[in-house]
Amino acid sequence: YTGQTLGKSLLTVSTTTSLFDTGVLDTLKTEYEASHPDIILAFISAGTGIAITHAKNGDADLILVHSPSHEKAFMDEGFGVNRKILAYNFFTIVGPSEDPANISGVDASTALSRIYDYGQSLNSSIWVTRDDNSGTNSKEKQLWAAAGFDYETIKEADWLVSSGTGMGATLRMATELELYTLSDIGTYLKFFADGLIDLQQLVVPSESLLNVYSAIAVNASRVEGARFNLAMDFIAWLVDSSAQETIGNFGLEDYGQALFLPAVGVIESQTSNEIYGWIRSYAFFDYDGTLYECPPPWREGDYGLYQS
Amino acid sequence: MAIIELVDLRAGYDGQLALKGVNLEIDQGEILSLIGPNGAGKTTLLKTIGGLISPSSGSLVFRDTDITDTNREILRENATLVFQNPVHFGTTVYKNVAYGLRIRGVDESDVDKRVKETLELLGLSGFESRNARKLSGGEQRRVSLARAVAIDSSILLLDEPGADLDLESKRIVEETLRSLSKDRGTTVVMATHDMFQAKTLASRIATVQDGQIERIGRASTVFRLELESRIGDHPVLNRFRAQAVWIESDWTKGGHLRLRLEGGLTLEATGHRDGDVTIIIPPEDIIISRQAVLSSARNSLKGSVINIEASNSSVLLTVDVGIELVAQITEDSLKRLKIEKGDEVFVTFKASSVTVY
Amino acid sequence: MAIIELVDLRAGYDGQLALKGVNLEIDQGEILSLIGPNGAGKTTLLKTIGGLISPSSGSLVFRDTDITDTNREILRENATLVFQNPVHFGTTVYKNVAYGLRIRGVDESDVDKRVKETLELLGLSGFESRNARKLSGGEQRRVSLARAVAIDSSILLLDEPGADLDLESKRIVEETLRSLSKDRGTTVVMATHDMFQAKTLASRIATVQDGQIERIGRASTVFRLELESRIGDHPVLNRFRAQAVWIESDWTKGGHLRLRLEGGLTLEATGHRDGDVTIIIPPEDIIISRQAVLSSARNSLKGSVINIEASNSSVLLTVDVGIELVAQITEDSLKRLKIEKGDEVFVTFKASSVTVY
Amino acid sequence: MTLASEIVEITLRSLFVSGFAAFIATLIGLPIGVLVGLRKFRGRPLVKGVFNGMMAMPTVALGLILYLLFSQTGPLGFLQLLYSPYAIIVGQAILVVPIMVSITTETIENVDPSIRELALTLGADESGARAAVLRESIGGILLASSASFSRAISELGVALMLGGNIVGLTRILTTAIALETARGEVALGIGLAVVLLVVMLVINVSLRLAEKRVRWWLWQ
Amino acid sequence: MTLASEIVEITLRSLFVSGFAAFIATLIGLPIGVLVGLRKFRGRPLVKGVFNGMMAMPTVALGLILYLLFSQTGPLGFLQLLYSPYAIIVGQAILVVPIMVSITTETIENVDPSIRELALTLGADESGARAAVLRESIGGILLASSASFSRAISELGVALMLGGNIVGLTRILTTAIALETARGEVALGIGLAVVLLVVMLVINVSLRLAEKRVRWWLWQ
Ligand SMILES: Nc1ncnc2c1ncn2[C@@H]1O[C@H](COP(=O)(O)OP(=O)(O)OP(=O)(O)O)[C@@H](O)[C@H]1O
Ligand SMILES: Nc1ncnc2c1ncn2[C@@H]1O[C@H](COP(=O)(O)OP(=O)(O)OP(=O)(O)O)[C@@H](O)[C@H]1O
Ligand SMILES: [Mg+2]
Ligand SMILES: [Mg+2]
């Protein structure tokens, strides 16, 4: 129990708390270690900011995150290569079942507008924001912007509570104080299924609520000591259909709903499926006017990951 | 009137009895000395009287109220103990001495007066703002005494009040105790190993032995009994039983006794006694002469030498004068007087040489 | 040979000097008593000699090595101090006494032997496994003494070794100290308020006063000087200067002196003195008679009564016998002898009544 | 609101909340510590061991348990304490009571038992005697309070779970540090920690420098 | 691996890591505490105040600072300690040294100064005298160690940041509790906390029950 690695290689994966806390990574770890007995997968979970710092500092070989803007910056600075989108799901706006702002069944932008209006007419709180620069928080900012509000301005409003804490705690707070909030689907379903929260999913999934998870290998030529080969091996394994299936099945049994939807197939097929389009416009990066899952300059070695 | 009464009192530490059935009545206003060997139980007894140790059986009565089990705080309020080892609050001498007064809600100005007075009395003026724990041994003892005396409680319990004190301080303490007892009716109980102090200060003495009171009574009586029990079968020279008659006469305030010994012999001594007594005449105080002397010495007897025994540096002469008296003289004197066994001689000694107890 | 030498030594607490220039030589194997009032500096002096307080100036020499500033551990190894207030390690009596031996690396079997021996000596057999802090005051004092004595260090420093002890224990301690000094050459320095102990035990006495050694010397000398300085201008009765000649004679081991007083008068006394001395003859030891007496009393002088003064319970008679002697007799005796001013009388007192110092 | 004024606000709230918690813990823990320290009863080692062991309470779990109690649906929901500074105060107080009790007990035990007897024989009643013993152990009591205060102000789990790190209401130094760290604002996080430490150092050094005066004052 | 055997493993790791940390803290803190407690020097209140204040170190920030030191690119990166139990040990040891020093100092200060003099006059050298003083204060030293151990085993920030909560390698009780709590596994989280508390209670109660024997043994 003193944690000897016993000659095995340690592959360190830096990830965000909300992803790690769903437990999907533990399932993947078990499978991967079973087929790679000489590897120990170590997931280090932290807020998105720190998770990326870990990678920059050479303390991780790979990052698993869900914040395209952060990812782009990370790769822009040369720290990451070979980005691969692995899965997606939808954020959801949840709130009290009485639904005082009457947002049930509308899309995200409308919902936020109604919440804004309702909030302005009220002296008490109605919305809780995590305000921690996490992937979820980044998404929330986009949503407010899309609905026509400046996040930094409404943050000062009386009807908005800033929780500054993790998703689970924020959901709890929303339950206790009867607030609306934006949640990733994984945490919400878990807490809801366990009866820890009493909030309803109120809006319909839509493009604006899309949440995309990707893996990025740490650039060994920029960050000394990064185990690039091991990282690429793991990414290749994640892309593989069996791992994708595992991701797709995770949570089905417990929550009657998948927490993650496999993305690799969607991107490969490049169908005119509207999901592909949503992913493309939300999580692809622009390079020379073209959108790439991973723009060519940020690719390292040939692992057959990309079609274009 | 007994202010404290102990009946078959037992007390101890962790189930180990240190007092094994003490019976004791302490009178209001008396000074009682407790003497006895180390570990006899003196301190334990004082602490029990002071309400700091609870008796395990027996009864403890304070002013007609039985407080064996309950209300021990009555004892703590009325009796103040000065510990065998000085202990102080970690503050100044002044505040240590003021503590008991302040707790009793005495007016601050009266506190100040009383504290200053008491410190003055015990030679501690100028020590007011010193840290009570950073003093010499004797100074600390005096602070302990001052702290207790300042309170003016009705019972003062003292454990070795003379230890560590210089002679002057000891005298002051003894005088203070005497005047407290006489003028204010304070009851004083003290444990001491200083026999002289025990004798001169106390109205009564109790000997404590193995957790019990062995003897109690007036100093002279107790010391006599003690002496007798100690001496056991060792012979003490010139010890006799006698009938004392106290001769009242104007001229003597020191007291003048006539002693009638067995066989009708009469001797004179100083003191205030009546009845059965024991006397001792120190051999070295006896003068031997060939002729009768009319002298200031009140006792002059004729007898015959029945034994001459030379010890290292002197000679012991046994003279039968009705009783067998032993006199100690130098060998030189023996030669000069040419005394031999069977000779008639006179023995002379002063009334003040006779110890009566 | 001086084992310890202090030259103009100063030491104190928090910058406040308690020793203000002490000069003292302590000889190997002697017993030196420190006497003096509370707060004089006795404890401070003992602690300084024991290496527990560092001198602020002056010098401190141990066996010809100056260790004022350095190597104070030499003192701690060679000198053992018994504190004025008993302190113990929170463990058994046995382990307390064994501590010093174990620290010195003594064999465990020897430790056992020595500890048992010492406990036996001090009447503590059976106390081995008792908690040293849960003992009576005197028992604790004895543990302190045992702990020091067990070590057999070359200097023993004792602060009030007699306090709290019963008479028997006190006697044992004194005998132990005497034999350590005599048989093992242990140097003993002790502070005491017990003048009797100081006098009978010590080869020399030093009086400490206000942080300095005031007087040092043989017991009798120091006590005489003390007495004189105390008495100041109060008259002491029958005090005279004399020339003492020690008369060597086989028969006396106690010592026999011839004293020549001013005016050619000769008296006899006991003791071992030569040269200039002061003598005191207690008035109550003098017998007055009308006729000369040939008696065992070695001093018999003729003179004339030059004054008669009645005090409360007795009469003081001044007789000119060459010197003016005052005798104390009862008024009754005065009447019986019919003595009046101008009468011729004989004064008689034993050699042992003359105090020579 | 400027960053500086926000930091001041958060710092003051931290001091208030944890100071209050330490104060409550002192009110509760001191008497318990004095009793356990002074009374000789069977099972005392057990009681001491229990309080010692309780010092290991993990704050996350304590926060969770109290959350379940204070939640709307919980047995104490009616108190409406959740997400208020008072919830944090209650939680932190509970967290540090064992520290307060443990250090107080040890300190009181080390006071010469004669001090109690001295006070009693000079006429103090039981509570007066206890006060006398307490006065002697002021250094240890200061330490107990300081350790409790420190533990409270440096804990995160309870504050996060019961307070919720709500800006302007329950955000205190540690929750702010955690948030900035999560945000990747490393410098700000460390800066806040420095603020916390500096404030605590100033308070503790002042306390120790004032100790003598406190002692003196206690004897007024 | 079953849940039970996993809990056992995590618990043992917690005990090992925090026990080791407390041990190191004792090695470092005890001598400092003894020195500060015994020596009378100018500025002692300052030193005491500083150690008292350092007890308020927030673990998140300490974890962050140490992370920056131990990170590959940090000045101590070459030690390769990050994400190993040893990193947690170092971090926790640093965290609890001030507690160890503070309690030890206070305890040593309360020992009758005559004890030191007694040891010296009986022939002990300086270190022997210090040992004698230490022996007298065994209760306080036990408390200092126990409080340090408790603080270490109940902290989260350092373990999370330096250990990374890696299953089978650095997951300890508090990181597991935090994870389960975040995952909404309330029962499991509380269950783990109960395990932690029960283990610590058992250890501390045994320690207190053994105190007398320890005292006795120290005097062998
Ligand atoms: N704190 C204690 N715990 C256990 N036993 C004790 C304690 N104090 C004293 N004793 C024991 O109780 C008995 C009586 O002790 P006490 O102190 O009353 O004696 P003392 O007559 O005062 O003796 P001393 O003349 O030595 O002061 C002794 O056998 C002693 O060993
Ligand atoms: N710890 C201390 N701190 C400060 N001053 C002290 C301390 N101990 C003693 N003193 C002072 O130093 C002086 C000498 O004290 P010391 O203890 O040497 O006297 P002593 O001759 O042993 O007296 P005693 O006969 O009362 O034991 C006194 O004025 C005393 O008040
Ligand atoms: Mg006693
Ligand atoms: Mg002294």
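Sequence lines set the chain letters: A, B, ... in the order given, protein chains first and strands last, and positions in each chain run from 1. Quick caveat: nothing in here was measured; it's all calculated off a predicted structure.
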Pick from [options] with the largest number of heavy-atom pairs that fall under 4.5 Å of chain E:
| options | answer |
| --- | --- |
| D:Val47, D:Leu156, D:Thr181 | D:Thr181 |
| D:Val202, D:Val205, D:Leu173, D:Leu209 | D:Val205 |
| D:Thr174, D:Ile65, D:Leu143 | D:Leu143 |
| D:Arg44, D:Glu109, D:Arg151 | D:Arg151 |
| D:Pro98, D:Ser102, D:Gly63 | D:Ser102 |

Nearest-0.5 Å distance that lies between atom [atom1] in [X] and atom [atom2] in [Y]:
| X | Y | atom1 | atom2 | result |
| --- | --- | --- | --- | --- |
| D:Leu64 | E:Glu180 | CG | CD | 11.0 Å |
| E:Leu62 | D:Ile190 | CG | CD1 | 10.0 Å |
| E:Ser154 | D:Glu155 | OG | CD | 10.5 Å |
| E:Met57 | D:Leu196 | CE | CG | 9.0 Å |
| E:Glu106 | D:Ile103 | CD | CD1 | 9.0 Å |
| D:Asn110 | E:Glu136 | CG | CD | 10.0 Å |

Specify which of E:Gly140, E:Ala152, E:Ala144 makes the most heavy-atom pairs with chain D at under 4.5 Å.
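Among E:Gly140, E:Ala152, E:Ala144, the one with the most close pairs to chain D is E:Gly140.
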
Return the option, out of E:Ala61, E:Gly139, E:Ala147, E:Ser137, with the maximum number of heavy-atom pairs under 4.5 Å with chain D.
E:Gly139

List the steps and the verdict of side chain to side chain contact (heavy atoms under 4.5 Å, CB included) for E:Leu207 and D:Asn52.
CA-CA 10 Å; E:Leu207 218 60; D:Asn52 290 175; over 6 Å; no

Stepwise side chain to side chain contact (heavy atoms under 4.5 Å, CB included) test for E:Asn204 and D:Met55
CA-CA 10 Å; E:Asn204 276 284; D:Met55 291 192 294; 5.6 Å; no

Measure across D:Val60 and E:Ala178 and return the closest heavy-atom pair with its distance rounded to 0.1 Å.
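Nearest heavy atoms, D:Val60 then E:Ala178: CG1-CA, 4.0 Å.
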
So, for D:Leu197 and E:Ala56, which heavy atoms are closest and what is the spacing to 0.1 Å?
CD2-C, 4.1 Å

Would you mind reporting whether D:Val186 and E:Leu68 have side-chain heavy atoms less than 4.5 Å apart?
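E:Leu68 vs D:Val186: side chains touch.
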
Min side-chain heavy-atom separation D:Met54-E:Leu201 under 4.5 Å:
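Yes, their side chains come closer than 4.5 Å.
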
